[in-house]
Structure formats: C-alpha cells, structure tokens
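Down below is the structure, laid out as structure tokens.
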2 protein chains.
Amino acid sequence: MEDVAALAAVSAMTVSRALRDPTSVNTETRHRIEAAIDATGYVPNRIAGSLASRRTNVVGLIVPSLRNSLFAETIQGVSDALGAHHPLMIADSGYALAGEEAAIRAFLAQRICGIVLHNTQHTARSRTMLDDAGIPCVETGNLTEKPLDMTVGFSNYDAACAMTEYLIARGYRNIGFVSLPIRDNDRAAERRAGFLAAHQRRGLNSAPELLLESPPGLRSGGRALATLIERVPAVDAIFLSGDVLATGALLEANRRGLDVPNRIAIVGSDDNELQEAVSPPLTTLRFPRYQIGHQAAEMLMKRLRNPSRDIRRLDLGYELIERASA
Amino acid sequence: MEDVAALAAVSAMTVSRALRDPTSVNTETRHRIEAAIDATGYVPNRIAGSLASRRTNVVGLIVPSLRNSLFAETIQGVSDALGAHHPLMIADSGYALAGEEAAIRAFLAQRICGIVLHNTQHTARSRTMLDDAGIPCVETGNLTEKPLDMTVGFSNYDAACAMTEYLIARGYRNIGFVSLPIRDNDRAAERRAGFLAAHQRRGLNSAPELLLESPPGLRSGGRALATLIERVPAVDAIFLSGDVLATGALLEANRRGLDVPNRIAIVGSDDNELQEAVSPPLTTLRFPRYQIGHQAAEMLMKRLRNPSRDIRRLDLGYELIERASA
DNA sequence: ACTAGCGATGTTAGCGCAAACATAGGCGCG
DNA sequence: CGCGCCTATGTTTGCGCTAACATCGCTAGT
C-alpha cells in the first residue's frame, strides 16, 4: 500500500480510504490512486484490515453435507445474496452435532462476521461459543420457536402434518412413514412428529411398525418400500420425507408392478424435476430452499448494517404439489 | 491470550506455542494452559496469527455453480481432505471467466494459502494475479496439458472420444451430440472435440446439425432429443454429455414410445444412481469427482508442506459403464 | 474581517499474534 | 570443573492495515 501511496503522491491513509469508501476522497485523487493500484497490481490485505478494524466480512455456513443437492440450493442462495463483498466459508457437520461444534470453533477463530446454520440442535458448547462471540446467527433447517438469534425457513412439522392429513383425507389408513435417520437431525424428527400429530388430530393410530428410518439415496427408498410392504402388507400409502427416497420407492413399485396409487400411494418431499418426470408423477412437498439461503444471508447483512433486532423469524412456507401418485 | 497466559502463569508466547505445537512446551505447562483456555473460553484469533506469520490456512475453491450436484461431489472431496485445520472458502463463477476473476481477487485479498479451480480457461488478469500471488493452484475440471501449476482429474476429450468410438463400434452412424453451452466452458468444448475426433479417427463425418448445445436440466435433455429427431430423423444414437441431460432424453424417449436402444441409443456421462435405475439403464461415463476434489486438496497441502514441485499432473481417469441403452 | 464549520488529507498508535532472538537452567563429557 | 549444548521459556519487534484524532485550507455567515 505504501508503494501505491507513493505513486499516487498521497499518504497510505488516503489509499486506504479510497479503497473502503471512494466517496470520501477527492475524485481526482481517487483516479490517481486507482491508476497507481492498476500499475502496481496491488491486492489489498484484508487480513491486516480485519485485524485493525476488528471485524471481517466473511460469513460462515455450516450444512450437514456438501454433497446433498438440497443443501446446494441453499448454499447457492446464500452465495448469491452475499455477493462479492462478503466471502463465504463453508463447512459440513457430517450430520453430527460434534462436527458442527468443531466447524463453529474454526469459524470463530477466523472471526467471521456472521453465521448460517442448517441445524436447530446444537451442543451446549456450540451455544455458548456463539453467544459469547456476539455475532448474528441464522438457523435455517427448521423454523424453530426459540432460535439462538434469527431463523428463516419452513416448519418441517407443519409440512409433514399437512401431507399426512392430505393422505388421510383421501382415505388412506395404513400410511407408512420413512425419514432419514433421526439422530442429530431435527428436521427428520420434526417431520415424524408432524406425521404422528396428523394421525392424532384425526383420531387415528399409526402403528410403530409403519415408521422407518432409512439412509439417503434412490436405492434406499426402494428398500424402504420393500421393507414396509413385507412388514405390513396392508400398507396403502407411504410418505417418504427425505432426499430422493420417494423417487426410489416409486421406481421400485414400478419394477414390482405395483399400481401407484391404487395398490399403494407414494408421496415425497423436496420436489425436483425428476419427481415430476417419473410415472406417475409424484405428489410431493416443495420447499423454497434457494430463497431460504438468500433470505438468511440478507437477514445477516441487514443486521450487520443495523444491529437492531427487527426480524427474528421468517416463515417462507411450503407447497403441497398434487400429482398422480396419491 | 494475555488472560490465559496470566491464569496459567506463563507468558503469552508460551500459550501461542502450546496452541501451534503442543510438543514444544513442557507437558505440565501445557496442561495448565489447556485448563486456562477452558476456563476463560479463549478462542484464538487466527486473523492476528495470520498477519503476524504472513500466511493463512484458508483454501479457496471456485466452481462454476454451487447448485450442481456434480461439483458438490468435488466440494465434499476437497472439504474432507482439508479437515479441520484448513478452513474452506467457496465461490461460484456463474460459468463466467469474469466471475472467476472476481472470486480470485477476493480470495487473494483474504490471503488464501492455496486455490482449487474447476476451470482451465482463465482471463489474462486471473493468470497474472495467481502468478504474482505465488500460491499453489490446482485445476480440476479438465486434465490440461499446460496447467497454471498443478492439475488433477480426467481428460474430457479422451472420455468423449472413447464413448463415441464405442457407439461407432456398435454400428451407430448418425450420432447426435448434446453438450452444455460451450462458451466459457472448456469441459464441454473438450468433449465436443473428442466426439469429433472419434469420427475423424474412424474416417466418418459428423453432420453439424447433429451437434447441439443445451442448458442443464432433465427437461432440457428431453427437448434436446426432440430437437435432434426433428432435425435429423435418421439419428440412431445420441450422446448427451452433461448433467442429467441423458436421463431427461431417455424419459422423453420412453414417453414417445421410442425403443431404446433399437430405434435410438442414448448414452450419457456423470453416472449416478438414477442412470442405473431408469429403464433401460443408461450406458454412461463415470468420473471420479469426489476423488478429484480429495486429491486436489491433498496436492495443495503436500505442496504447502514441501514446496518442491513433484506431482504436477494426476490423471484419475474415467470409466465407461456399459448398460442397456446402447 | 473573524471564526465556526466542513471537506480533504495526514499522523499516531495499536489490533493480537508469531518470528527471531535472548535467556536461564540442567546435563553430559573430557 | 568448565564448556558446550539442549530444552523450556521470555522479550522485542513488527506484520499491514484502520480508528481516532490532528491539521490545513476554504467557504459562509454575521
């Protein structure tokens, strides 16, 4: 920066100012500085700047897994909203609270200015660290009642409840429910709770053997269908609430020659092009994953500009997409 | 850190050392320091550490898009290999060289210690900046002959050539080729070049109207099939070399009642569970995307430990998966 | 004309750590 | 027994920038 300053015949301070707030220096001076920056190929050192100003523009994001295309949508939303001014650090928790804690610790050491979490469950230490850090935090995976700070998204409970009631209303009575493993996964837990609540609300019982946890994946969905049919032959509908499980189940049903939806209805969540393209097209839940990421980043940046705690909870809802599979 | 040092009755320097290299301090002292850290809830400031040592552990990664599950595999590979010691900054170029340049500039301002690029095309300024920065760089999207620094992956050219020759060997003569838009996408360009080279090698011509560029997506693949059949009714095979295009084309063929592979063969790339699950299962290319990310990060870290330029180019190859669609 | 006030720039100090060098005590060895 | 050497720790300095304050014309109001 000294070189640039010398070349532009100003002090380093003026260069620093021109970089941070171009309107704060004389137009002509600014042009000289810009020319000098170009000539020297100077790249500002944000590390030094951050240390001096005691803040960074870096935002941290922790998702359960980086491979999962669901989270990819949210990541893209966050990245787009942040723009070039806020670099993004990403880590995955590996679906484990301990993994999340490690990532939070690493992020805080980097003095991130804000954080987005896909979880609403955290270790006690995670909570303490975030609290002590005093940085804005947005939880996005599930619209929780008591967020650490802010939350944006949809209620997995409500969504699962709505889909279950839809099935009940259409006359299905032996409904299987398949979710991803519930351990350390509040979203899956909430969905199962919603599924059970819908039964209770309608005065129905859901047999425990109709509840299943299944790892992610297309084949896994097929196996889940097989398991449920074997376990409860009378099962007349299955709600597979994660990833591509429903598509896998539908393909398996087709392979077995089971009439969907007359022998067995299949419904899913996380709508995508594929669920519409298969035959029959899947009735499913659609979540605004990209928007959730986008809004999460917006809320973070708004808070950084103005520390007043205005919006704390933003419900972006869900849609129930009716197609032919139920 | 002063607080921790006071509590442990040592100097700040000893605390700093205990954090960076626990073996360099007395075991008992270390335990006192660890206890003091626990008691105070001290979180080291890596920003200050980076400024003082003039290096960070942060690795930068730029992919064309964050939503795309192909890149997600690579991202996970990079993240897993880096581990907790190397935070990861991610940006997307939006499939544009200018976007990549902006991301590189932002990363360099953050003084990243190494960078992974999914591109092998770059703006002149990008090259200059990376060169001046003097940090290790791994290009992963396409195994290029002249990497900026290091490269790992597979040859899109070879892979596309192999698949095309496979089709030719099986007697197909009017082969359509569909790729993602080629502008600013060297991977797609290389694949088309490989497709054409295979024809030339066998002394065949490929009609220009059999070449198509198509945006990503399942529906887009379906439209590509429709376009090619309308344009060249004699088309007897289509090689769709991107994303889920091939699956989309197969579903569209099924909808139209076209016999695959007898009326028309369909082959793809980037194998996934779905391509195996559809009917008929797709013949396709499989790329080691996770391994590419993993190795890229490994190469970066190896270089950081030992600046000798050993491995510059690592070919992880590809597989041609024969199934029933051709 | 005098001064308050403002825009543009400069000066000083320090952010929280780590590199480099300094120091102190213990040990073996001729 | 004195020397060198090694281990464990401390002191000094500065990384490259920015916050806070200082300075210096210049304009406008009375």
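Numbers restart at 1 for each chain; the letters A, B, ... are given by sequence-line order, proteins then strands.
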Integer-rounded Å distance: [N] [atom2] and [X] [atom1]:
X: Asn45(B); N: dA18(C); atom1: CG; atom2: P; value: 9 Å
X: Met1(B); N: dC15(C); atom1: CE; atom2: C1'; value: 13 Å
X: Arg32(B); N: dT9(D); atom1: CZ; atom2: C1'; value: 11 Å
X: Leu19(B); N: dC17(C); atom1: CG; atom2: P; value: 9 Å
X: Arg17(B); N: dC17(C); atom1: CZ; atom2: P; value: 15 Å
X: Ile47(B); N: dC17(D); atom1: CD1; atom2: P; value: 14 Å
X: Asp3(B); N: dC17(C); atom1: CG; atom2: P; value: 10 Å
X: Asp21(A); N: dA19(D); atom1: CG; atom2: P; value: 11 Å

(request) Report the relative orientation of the aromatic rings in Tyr95(A) and Phe71(A); use parallel for angles under 30°, tilted for 30 to 60°, perpendicular for over 60°. (result) tilted
(message) For Pro44(B) versus Arg111(A), what's the shortest heavy-atom pair and its separation?
(response) O-NH1, 3.2 Å
(message) Over all strands shown, is Met13(B) touching base, sugar-phosphate only, or nothing at heavy-atom distances under 4.0 angstrom?
(response)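 Met13(B): base contact, heavy atoms under 4.0 Å.
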(request) Using a cut-off of strictly less than 4.0 Å between a heavy atom of the residue and any atom of DNA chain D, enumerate the qualifying residues of residues 49-59 of chain B by number. (result)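 Per residue number, the list reads Leu51(B), Ala52(B), Arg54(B).
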Side chain of [X] - closest among [options]:
X: Asn26(A); options: dG10(C), dA8(C), dT9(D); value: dA8(C)
X: Val25(A); options: dC17(C), dT9(C), dT11(D); value: dT9(C)
X: Arg20(A); options: dT11(C), dA19(D), dG16(C); value: dA19(D)

(message) Among Asn185(B), Asn142(B), Thr120(B), Ile182(B), exactly one meets side-chain contact (heavy atoms from CB on, under 4.5 Å) together with Glu190(B). Which residue is that?
(response) Asn142(B)
Any [X] side-chain N or O less than 4.0 Å from OP1/OP2 of [N]:
X: Thr29(A); N: dT9(C); result: yes
X: Tyr42(A); N: dG16(D); result: no
X: Thr14(B); N: dG10(D); result: yes

Could you give the side-chain donor-acceptor pairs of residues 21-29 of chain B under 3.5 Å, partners two or more places apart or in another chain?
from	atom 1	to	atom 2	distance (Å)
Asp21(B)	OD1	Thr23(B)	N	3.3
Asp21(B)	OD1	Thr23(B)	OG1	2.8
Ser24(B)	OG	Asp21(B)	O	2.7
Asn26(B)	OD1	Glu28(B)	N	2.8

(request) Determine whether the side chains of His122(A) and Glu139(A) contain a donor N or O and an acceptor N or O closer than 3.5 Å. (result)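 Note: His122(A) and Glu139(A) side chains meet the donor-acceptor criterion.
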(request) Considering only NZ, NE, NH1 and NH2 on the basic side and carboxylate oxygens on the acidic side, decide whether Arg303(A) and Asp149(A) come within less than 4.0 Å. (result) yes
(message) For Lys302(B), is there an ion pair with Glu298(B) - N to carboxylate O distance below 4.0 angstrom?
(response)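 Looking at Glu298(B) and Lys302(B), the cut-off is not met.
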